[in-house]
Colleague: 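Submitted below is the structure of interest, expressed as structure tokens.
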Amino acid sequence: MENNLVLQMKNIKKSFDDNEVLKGISFEVEKGEVVSIIGPSGSGKSTLLRCATLLEKIDDGMIQYEDVVVANTEEGGKPVYLPKKEITHVKSYFGLVFQQFNLFPHFSVLKNVMHAPINVQKRDKAEVEKEARELLEKMGLADKADAYPCQLSGGQQQRVAIARALALNPDILFFDEPTSALDPELTGEVLKIIRQLAEEKMTMVIVTHEMSFARGVSNRVIFMDGGYIIEEGDPEEVFGNPTQERTKQFLKNYQQ
């Protein structure tokens with residue numbers, strides 16, 4: 001069982017000035033699992049993802065990827081993170097797809113996908129290019145390899161961002177509201193790719209406002225509010241028969 005855990009986060013706390021955003025969150029993700037995190041804006045979902053992907057430092061708690069403890073808080077102390085060199089290695093365990101794509105505007109699509117494997121992982125250029133082209137084909141973007149981000153639709157840019165995250169061969173992919181910057185027509189094409197990855201048993205954590213998608217694609221759903229996990233469980237249970245009043249209120253706003 002232990003070896004199956006890709007990510008463990010225990011008692012994670014995070015404040016920005018006086019605003020306590022995460023108030024002792026614990027969760028874990030097993031290999032091949034798709035976990036969707038839902039909840040109102042400001043509930044701490046994106047901050048949790050930013051802590052998991054080491055973009056923010058936690059104030060308290062423990063983060064572990066597979067058998068590597070990345071950060072841990074000693075009794076009464078501050079969290080101690082691994083040295084920088086080891087953190088760089090840990091970053092190859094995960095990929096992150098942002099809301100706003102975050103592509104390099106001055107790089108072609110192909111170069112965007114190839115950049116990190118070559119520069120961060122120091123892999124062979126020919127091998128990386130072959131994989132990158134295969135990924136673009138999988139995303140339905142084989143003909144866009146030489147285009148620049150500004151020449152693509154939002155949906156195409158987000159699919160390039162997914163290809164870029166996959167190019168690192170990560171063990172787990174994080175998505176931070178991957179469709180919230182897209183219009184409904186383009187949302188479908190991105191969700192289709194994520195659904196395909198789920199069928200291939202890619203381990204994923206998805207922060208999303210797309211409730212029917214979360215219900216259909218996840219193995220487990222976590223509902224967050226006010227910096228706490230209020231409810232978590234099987235999607236059919238959480239959506240169809242929530243136990244917490246706050247979850248019921250939140251889901252009432254969404255037509256199932």
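FYI, side chains are in, hydrogens and waters are out, and symmetry mates aren't considered; it's all heavy atoms of this structure. Everything numeric in this text was worked out from a predicted model, so none of it was measured.
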Colleague: Between the main-chain N or O of Asn119 and the side-chain N or O of Lys122, is there a donor-acceptor pair closer than 3.5 Å?
Modeller: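 Indeed, once roles are kept as given, a pair shorter than 3.5 Å links the two residues.
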Colleague: Has the side chain of Ser26 got a donor or acceptor atom that lies under 3.5 Å from a matching backbone atom of Asn11?
Modeller: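 The answer is yes, because a donor-acceptor pair under 3.5 Å joins these two groups.
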Colleague: Taking Glu86 for its side chain and Pro83 for its backbone only, find out whether a donor-acceptor pair lies under 3.5 Å.
Modeller: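 Pair absent, no side-chain N/O of Glu86 close to backbone of Pro83.
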Colleague: With the side chain counted from C-beta on, respond yes when Leu166 and Met202 share a heavy-atom pair under 4.5 Å apart, and no when they do not.
Modeller: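 The answer is yes, as the side chains (C-beta and beyond) meet within the 4.5 Å cut-off.
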Colleague: Between Ser153 and Gln156, is there a donor-acceptor pair closer than 3.5 Å when you use the side chain of the first and the backbone of the second?
Modeller: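 Yes, the answer is positive, given that a donor and an acceptor are paired below the 3.5 Å cut-off.
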Colleague: Quick check against the 3.5 Å criterion: does Asn219 have a side-chain atom that pairs as donor or acceptor with the backbone of Val34?
Modeller: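 Yes, Asn219 side chain to Val34 backbone: donor-acceptor pair under 3.5 Å.
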Colleague: Side-chain contact test, heavy atoms from C-beta onward, threshold under 4.5 Å: evaluate it for Val190 versus Phe175 and give yes or no.
Modeller: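 No; the side chains remain at least 4.5 Å from each other.
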Colleague: Between atom OH of Tyr65 and atom CZ of Phe94, what is the distance when rounded to the nearest 0.5 Å?
Modeller: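 So the gap between those two atoms works out to 4.5 Å.
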Colleague: Would a hydrophobic clustering, with Ile, Leu, Val, Met, Phe, Trp and Tyr connected at side-chain separations under 4.5 Å, put Phe27 with Tyr93?
Modeller: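 Phe27 clusters together with Tyr93.
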Colleague: Do the side chains of Arg220 and Glu232 get close enough for a salt bridge, i.e. N-O under 4.0 angstrom?
Modeller: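 Salt bridge between Arg220 and Glu232, a charged N being under 4.0 Å from a carboxylate O: yes.
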Colleague: May I ask you to decide if Pro40's main-chain N or O and Lys45's side chain share a donor-acceptor pair within less than 3.5 Å?
Modeller: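 The answer is yes, because a donor-acceptor pair under 3.5 Å joins these two groups.
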Colleague: Only one of Glu231, Glu237, Lys248 passes side chain to side chain donor-acceptor pair (under 3.5 Å) with Thr243; say which it is.
Modeller: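 The passing option is Glu231.
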Colleague: Does the side chain of Leu173 reach to within under 4.5 Å of the side chain of Ile194, using non-hydrogen atoms?
Modeller: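 Counting from C-beta outward, Leu173 and Ile194 never come under 4.5 Å.
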Colleague: NZ of Lys23 to NZ of Lys14: how many Å apart, nearest 0.5 Å?
Modeller: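 Rounded to the nearest 0.5 Å, the NZ-NZ separation comes to 15.0 Å.
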Colleague: So which atom in Ile12 and which in Met62 form the shortest heavy-atom distance, rounded to 0.1 Å?
Modeller: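 Scanning both residues completely, I find the closest heavy atoms to be CD1-O, 3.5 Å.
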Colleague: Are Ile118 and Phe107 grouped together when hydrophobic residues (ILVMFWY) are joined by side-chain heavy atoms under 4.5 angstrom apart?
Modeller: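 Shared cluster, no.
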Colleague: Return the minimal non-hydrogen interatomic distance between Pro170 and Gly95, and the atom names on each side.
Modeller: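 Looks like CB-N, 3.5 Å.
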Colleague: Can you label the angle between the His115 ring and the Phe104 ring as parallel, tilted or perpendicular, going by 30° and 60°?
Modeller: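 Judged by the thresholds at 30° and 60°, the geometry between His115 and Phe104 is perpendicular.
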Colleague: Decide yes or no on salt bridge (charged side-chain N to carboxylate O under 4.0 Å, His left out) for Glu129 and Arg133, but give the supporting numbers first.
Modeller: CA-CA 6 Å; Glu129 180 170 345; Arg133 288 187 184 277; 3.0 Å; yes
Colleague: Is there a chain of hydrophobic side chains (I, L, V, M, F, W, Y, each step under 4.5 Å between heavy atoms) that links Ile58 to Ile87?
Modeller: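 Ile58 and Ile87: one cluster.
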Colleague: Does the Gln158 side chain pair with the main chain of Gly155, one donor and one acceptor, at a distance under 3.5 Å?
Modeller: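 Looks like no, no N/O pair under 3.5 Å.
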Colleague: At what distance, to the nearest 0.5 angstrom, does NZ of Lys91 lie from CG of Leu168?
Modeller: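 These two atoms lie 11.5 Å from each other.
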Colleague: So that I can tick it off, tell me whether Lys138 and Glu134 are bridged by a salt bridge, with the cut-off set at under 4.0 angstrom between side-chain N and carboxylate O.
Modeller: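 Result for this pair is no, no salt bridge flagged.
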Colleague: Quick check on the hydrophobic clustering: are Val128 and Val113 connected, directly or via other members, by side-chain heavy-atom contacts under 4.5 Å?
Modeller: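 They do share one cluster, since a chain of ILVMFWY contacts under 4.5 Å joins Val128 to Val113.
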Colleague: Is it the case that one hydrophobic cluster holds both Val120 and Val90, taking links as side-chain heavy atoms less than 4.5 Å apart, direct or via other members?
Modeller: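 Per the 4.5 Å side-chain linkage, Val120 and Val90 are not co-clustered.
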